[in-house]
Amino acid sequence: MRFFEVKNLVKYFGGLAAVNDVSFEVKEGEIFGLIGPNGSGKTTIFNLISNFHSPTSGSVLFKGRDITGLKTHRICKARIARTFQVVKPLGRMTVLDNVVAAAFSRAKTKHEARDLAMETLEFCGLAHRKDMLAKSLPIGERKRLEITRAMATLPELLLLDETAAGLNPSELVEAIDLIRKIREKGVTIIIVEHIMKVIMTISDRIHAINFGRTIAEGTPGEVANHPAVIEAYLGEAYARG
Amino acid sequence: MEVFLQTLVAGILKGGLYGLIGIGMTLIMGVMGIINLAHGQLMMVGMYITFVCFHYLGIDPYFALLVSMPALFLLGVAIQKYTLNPLIEVESILPENQVLMTVGIGMVLTEVARFIFSSDYKSVQTSYSSSSFFIGEISFSLALTIAFFIAVAFTLFMFWFLLRTDLGRSIRATAQDKDAALLMGVNAQRITILTFGIGSALVAAAGTLLMPIYYLFPDIGGPFTRKAFVITILGGLGSTVGAIFGGLTLGLAEAFGATYIGMAFDDMIGLVIFILVLIFLPSGFKRITKV
Amino acid sequence: MKRFAPFLLLVILILFPLLVRDDYHQHLMILVLMWVVIGAGWNVIAGYTGQVSFGDAAFFGTGAYTAGLFATKLSISPWWAMAAGGVAAMAVAFPFGWICFRLRGAYFALATLALNEVMRHIATIWEDLTGGMVGILIIQTFVSKVPYYYIALALAVAAVIGVQAVMGSKWGYYFVSIREDQDAAESLGIDTHLYKMISLNIAAFLTGMAGSLYMNYMGFIDPEVVFSLHDISIMAILVGIVGGVGTVYGPVVGAFIMVAVHEFFRTGFFGFFKGLAALTGSQAITTLAKYVMQAHVLGFGILVVVVILVLPNGIVGDWKKITGWLPLGGGRRSAA
């Protein structure tokens with residue numbers, strides 16, 4: 001049985017195809033990178049998986065079960081968690097309460113939820129901020145809160161959307177460490193990332209898309225040297241300087 | 001058949017005026033993303049100005065447009081500038097503060113009117129108030145017909161204004177995408193202020209045009225606010241063409257409802273339409289929900 | 001000290017009818033307690049869950065009419081209708097929320113406004129059932145105000161404690177999460193539609209109970225009174241906002257202030273103008289007094305405008321801001 005699979009995913013907005021016939025498979029325990037230039041449809045794929053948008057056609061399979069069109073909160077219950085590129089902190093709640101709210105999806109009692117939340121905060125290195133309001137966190141820690149919250153729902157598959165964007169170099173190192181730590185816990189990860197250095201170092205395999213279509217898939221080395229990728233992605237990035 | 005045609009005519013004439021009410025509301029909706037729940041109350045103020053012009057100054061209602069529209073433009077500008085725009089900077093838990101503010105303003109306007117004019121019914125009895133003419137067997141109220149054509153003229157003028165003038169284009173740009181408009185150098189604050197002024201002036205025109213054939217009391221604003229939001233919702237929120245369509249639909253629905261169901265249900269009809277749209281056409285609400 | 005404040009308040013409230021024996025002040029306190037219940041309900045759906053209701057009167061009126069109809073049509077004691085009023089209000093809230101919560105934001109606020117109007121029209125038009133504009137008159141159970149006072153107090157205390165309990169539980173976390181960011185909430189496994197429904201139904205239940213209490217206590221209702229946009233729905237918003245949006249004791253503070261304000265206008269600044277008129281014998285002031293006494297809606301309107309501009313999170317919510325204005329005390333830094 002395949003762990004996670006996206007089959008022939010298509011999404012039209014108006015008359016435009018944001019995602020056009022994308023298929024890939026993710027193996028249990030790996031870090032799977034999803035790359036592509038701005039507007040190539042990476043975040044849309046995440047939105048289709050977590051059903052913020054329903055796909056025009058195609059299907060999403062998780063552990064042999066068709067989860068296409070399942071409501072967003074059910075996707076989370078099915079143990080697929082996600083973070084947002086534009087962070088969505090629950091601003092006027094404390095960091096701890098943010099995580100407790102997430103932990104309730106697994107915990108039966110408030111006590112359990114708090115324990116799970118504290119444990120997750122420790123794991124993600126955000127425990128020292130637990131009493132701060134989420135909206136007053138600096139950007140780097142807001143990104144970390146996104147991950148912490150997602151982890152508190154005890155996912156088997158974690159979708160990380162541009163977690164490294166906007167971080168300073170030392171935060172970047174910490175973020176990469178955290179992602180590796182999460183994988184060591186046995187959580188499979190799909191990561192969308194713009195910073196090539198990050199995605200090339202941590203991914204086991206990479207899937208590249210452009211204009212909503214697959215252009216390459218393979219190991220970081222293979223993908224980085226693929227002519228279509230260089231043209232579409234790196235070419236654009238280098239050209240912009 | 002005759003009753004049917006008569007009802008149809010009445011509905012269309014009324015619908016023209018409703019369209020004018022709806023355009024003002026739609027502009028405000030489009031630019032600020034809020035429903036103005038003081039819209040009918042602004043119309044009520046316009047009506048009282050017309051009443052004062054007629055009774056104390058002897059100005060015919062159609063000339064009173066020259067007083068009521070500028071006056072309401074200024075009132076609208078003041079409301080936006082001093083009560084709604086400052087809210088953007090106020091840190092608040094509730095997202096609906098601007099809407100709530102318009103409710104408060106509506107209450108203040110109504111009660112001030114009651115202070116000055118008491119709760120009594122007022123009307124403007126002109127020489128043409130009750131005259132009508134016939135085409136075939138169908139009677140046309142003279143005042144309502146004139147009102148309809150003036151409303152159509154204003155509507156056409158608004159289209160010219162929105163499509164052909166720089167200010168009009170800025171308003172449309174702000175309504176479509178506030179951030180992009182800002183990037184293009186549109187002064188959004190100024191646009192919201194002007195838009196509220198224009199919207200108020202348009203609804204004042206509708207009120208003034210209604211005066212010769214309608215009665216007036218302070219609480220008349222509430223029902224018209226509700227009509228205005230039904231019109232705007234029917235028209236798909238934020239669309240000027242839609243507002244005309246919505247106005248005509250409501251005018252016709254009310255006319256046919258009054259003829260075939262009963263006068264008592266007049267006010268109910270807008271609400272029923274609102275609920276039907278709610279259940280069956282929710283996608284028409286996309287703009288307001290900002291999804 | 002802060003921890004004992006609620007208990008101190010409760011003791012004072014329990015002793016109140018023994019200390020203050022005149023009907024007028026007891027009447028006001030009963031209204032305050034009733035508004036605590038309504039405010040607590042509004043606070044759950046609007047303050048905590050972020051779905052602003054402009055139509056609380058729909059639930060209040062439903063509760064009031066349920067109590068009235070129990071007495072007149074079924075000859076069942078309207079006291080039984082207390083819970084039934086809450087349930088009836090939920091019966092209104094349920095289909096309404098089911099439809100309206102599919103969409104977000106200002107849209108819900110408008111729909112509640114429409115619901116308010118629809119319910120008033122139904123109560124007016126369905127004369128066979130409701131008596132139409134004539135309303136419903138029942139004979140009150142007690143002559144003294146004291147029993148009503150204690151019933152209202154019990155209800156208010158239950159409402160406040162109940163809301164506090166809910167807000168400390170999973171539901172509370174979920175409500176606030178929905179208010180803060182619906183997409184984030186949904187992605188954290190929160191069924192936002194379901195929990196908005198729960199929140200609305202809690203609000204409707206409390207407001208409906210308050211409506212039943214009103215029917216029992218006042219003995220008379222008509223559509224214009226119990227489905228009033230200004231006197232019920234807007235008042236509920238003011239009670240919710242003035243006290244403190246999204247705070248447990250906000251509605252308590254708000255109810256005190258708003259009933260006082262209401263009464264302040266209704267009595268012409270507590271008889272100030274009447275006194276002044278009698279003192280000076282001036283006809284103009286007598287006329288002015290008459291106007292002022294009719295002006296409570298104007299007062300409300302102005303209050304809405306001022307409160308939203310200046311204290312959008314209420315007295316409890318914006319307490320730091322208020323202390324910042326005062327020339328003395330530790331608030332000076334926050335004023336800077």
Side-chain angles (χ1 to χ4, degrees), chain A residues 46-47 49-53 70-94 96-114 117 120 133-135 142 145-146 148-155 158-159 161, chain C residues 43-44 46-52 98 101-105 163-199 240-241 244-248 250 312-314 316-321 334:
Chain A
F46 273 15
N47 284 339
I49 295 173
S50 55
N51 199 23
F52 272 93
H53 305 306
L70 222 56
K71 288 221 172 78
T72 302
H73 63 268
R74 295 225 174 270
I75 303 275
C76 172
K77 295 268 189 203
R79 297 194 186 262
I80 298 179
R82 71 167 293 180
T83 68
F84 292 93
Q85 178 182 5
V86 180
V87 290
K88 294 180 183 294
L90 306 174
R92 282 170 292 236
M93 290 164 80
T94 64
L96 177 62
D97 286 349
N98 265 261
V99 187
V100 170
F104 268 121
S105 64
R106 298 290 162 225
K108 283 195 189 64
T109 65
K110 191 176 169 185
H111 193 77
E112 269 179 54
R114 279 183 71 98
T120 318
L133 284 185
K135 64 175 175 183
R142 281 191 207 192
L145 176 60
E146 286 276 318
T148 313
R149 247 175 16 190
M151 285 302 291
T153 67
L154 302 179
L158 179 62
L159 314 178
D161 197 351
Chain C
N43 207 22
V44 170
Y48 287 119
T49 319
Q51 314 296 313
V52 180
W98 196 261
F101 280 139
R102 288 184 303 178
L103 296 141
R104 295 180 187 186
V163 168
Q164 194 166 20
V166 164
M167 292 317 297
S169 73
K170 169 171 153 179
W171 286 4
Y173 280 89
Y174 279 13
F175 293 166
V176 179
S177 301
I178 291 169
R179 178 187 79 193
E180 292 299 309
D181 195 310
Q182 206 170 308
D183 286 341
E186 188 75 23
S187 81
L188 297 176
I190 300 172
D191 185 344
T192 53
H193 189 264
L194 172 69
Y195 284 94
K196 282 195 278 187
M197 287 291 290
I198 293 175
S199 175
I241 292 185
V245 179
T247 57
V248 171
N313 299 320
V316 178
D318 280 331
W319 184 246
K320 274 195 190 132
K321 207 162 148 186
S334 60

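So that the names make sense, note that chain A is the first sequence line, chain B the second, and so on, each numbered from 1.
For A:Thr153, the part lying near chain C is the side chain, with the backbone staying farther off; criterion is any non-hydrogen pair under 4.5 Å. Heavy atoms of A:Phe84 lying under 4.5 Å from chain C belong exclusively to its side chain. When heavy atoms are compared at a cutoff of 4.5 Å, A:Ala113 does not approach chain C at all.
Across A:Pro89 and C:Asp181, no two heavy atoms sit closer than the pair O-CB, 4.5 Å. Of all non-hydrogen atoms in C:Tyr173 and A:Met93, the two that sit nearest each other are O-CE, 4.0 Å. Listed here is the closest heavy atom pair of C:Tyr174 and A:Ala101: CE1-O, 3.4 Å. What you find for C:Ala184 and A:Lys88 is that their closest heavy atoms are CB-O, 3.6 Å.
Enclosure of atom CZ in A:Arg114 is not indicated, since only 12 or fewer non-hydrogen atoms of other residues, nucleotides or ligands lie within 6.0 angstrom. Counting heavy atoms of neighbouring residues, nucleotides and ligands inside a 6.0 Å radius, atom CZ of A:Arg142 exceeds 12 of them.
For the atom pair OG (C:Ser177) and CG (A:Asn98), the distance works out to 7.0 Å, reported to the nearest 0.5 Å. Separation of atoms CD1 (C:Ile190) and OG1 (A:Thr72) is listed at 12.0 Å; rounding is to 0.5 Å. Between the CD atom of C:Glu180 and the NZ atom of A:Lys135 there is a distance of 8.0 Å, given to the nearest 0.5 Å. Once rounded to the nearest 0.5 Å, the distance linking CD of C:Glu186 with CZ of A:Arg82 reads 11.5 Å.
The backbone N or O of C:Asp191 sits nowhere less than 3.5 Å from a side-chain atom of A:Lys71 that would complete a donor-acceptor pair.
Two residues are said to be in side-chain contact when any heavy atoms from C-beta on lie closer than 4.5 Å; C:Arg179 and A:Arg92 meet this criterion.
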